[in-house]
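These notes concern the structure reproduced below.
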Amino acid sequence: MSFKIVNFKCFGDDRGSLVALEANKSVPFNIKRVYYIFSTKDGVSRGFHAHRKLKQVAVCVKGSCRFVLDDGKQKTHVLLDDATKGLLIEDLIWREMYDFSHECVLMVLGSEYYDESDYVRDYEEFLELSGC
Ligand code: T46
């Protein structure tokens, strides 16, 4: 399946911690967009779509949340609870996010500007596109 966990270098000292993300280095694409999800209400799930072209790295910079990643053949659950780890999602992967902790701030770096036509929001269409 086209996703992986990327470990970021963490500069820690007696003042605390710092992680720097750089395009085409720690993040393996040109970053055109950053967005973040926060103040998520109890019991809420988000996502429920795939992307045709967009590559993304998701980092839980505070708190925790879980992803379901589905390539049409298998589903994998991933916990994000560490600001030094990013979830890299490439290609056509159906994603759902759930189990957001109260303080969760989920930051996402994207390879493209926002484009609604890049979203596949219908699960049957997703299965067809992924050849399943
Ligand atoms: C994804 C997961 C992880 C914009 O106007 N610009 C943007 O860059 C984004 C991301 C969203 N929006 C608007 C579109 C909707 O009216 O914000 C609203 C909420 O977006 P959506 O319902 O798509 O949010 P999620 O949390 O379901 O999905 C988001 C991303 O959209 C998606 O690309 O992979 O987070």
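All ligand and atom numbering here is 1-based and tracks the order in the structure.
Remark: among candidates R95, H49, R46, the nearest residue to atom 32 (C) of ligand 1 is H49, based on non-hydrogen atoms.
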**Study point:** Full working for side-chain contact (heavy atoms from CB on, under 4.5 Å) between R66 and L79
**Key:** CA-CA 4 Å; R66 292 175 198 272; L79 170 67; 3.9 Å; yes
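Results of the ring pair (Phe, Tyr, Trp, His ring centres under 6.0 Å) test with W94 over Y123, F67, F3 single out Y123 as the only residue that passes.
Every atom of ligand 1 with a heavy atom of R121 under 4.0 Å away is listed here by number and element: 23 (O). For ligand 1 and R33, the ligand atoms under 4.0 Å from any heavy atom of the residue are 7 (C), 8 (O), 9 (C), 10 (C). Near I37, meaning under 4.0 Å from any of its heavy atoms, are these atoms of ligand 1: 26 (O), 35 (O).
Of the heavy atoms in E116, none comes closer than 4.0 Å to ligand 1. Counting heavy atoms under 4.0 Å from ligand 1, residue K32 does not touch it at all. With a 4.0 Å heavy-atom cut-off, ligand 1 is reached by no atom of F48.
Taking atom 31 (O) of ligand 1 as the reference point, the nearest protein heavy-atom neighbour is Y119 OH, 2.6 Å. Annotation: atom 35 (O) of ligand 1 to nearest protein heavy atom, Y35 OH, 3.3 Å. The single protein non-hydrogen atom nearest to atom 3 (C) of ligand 1 is M97 CE, 3.4 Å, given as residue, atom name and distance. Atom 12 (N) of ligand 1 has Y114 CE1, 3.8 Å as its closest protein atom, hydrogens excluded (heavy atom only). In this structure, the protein non-hydrogen atom closest to atom 34 (O) of ligand 1 is Q56 NE2, 2.7 Å.
Between C132 and D71 the shortest heavy-atom distance is SG-O, 4.1 Å. The two residues I37 and F100 have their closest heavy-atom pair at CG2-CE2, 4.2 Å. In terms of heavy-atom proximity, K85 sits nearest to V59 at O-CG1, 3.7 Å. When every heavy atom of F8 is checked against every heavy atom of V19, the shortest pair comes out as CB-CG1, 3.6 Å.
Listed for the S45 side chain is no donor-acceptor partner under 3.5 Å among the backbone atoms of Y98.
Within a 4.0 Å radius of atom 15 (C) of ligand 1, the protein contributes no non-hydrogen atoms. Proximity of atom 10 (C) of ligand 1 to the protein is indicated by at least one non-hydrogen atom lying closer than 4.0 angstrom.
The NZ atom of K55 sits 4.5 Å away from atom CD of E90, with the distance rounded to the nearest 0.5 Å.
For G47, the closest heavy-atom approach to ligand 1 falls below 4.0 Å. Within the structure, ligand 1 has H51 among the residues with a heavy atom less than 4.0 angstrom away.
Residues E116 and R121 are paired through a salt bridge, judged by an N-O separation under 4.0 Å between the basic side chain and the carboxylate.
Taking the six-membered ring wherever Trp is involved, the centroid distance between the rings of Y119 and Y114 falls below 6.0 Å.
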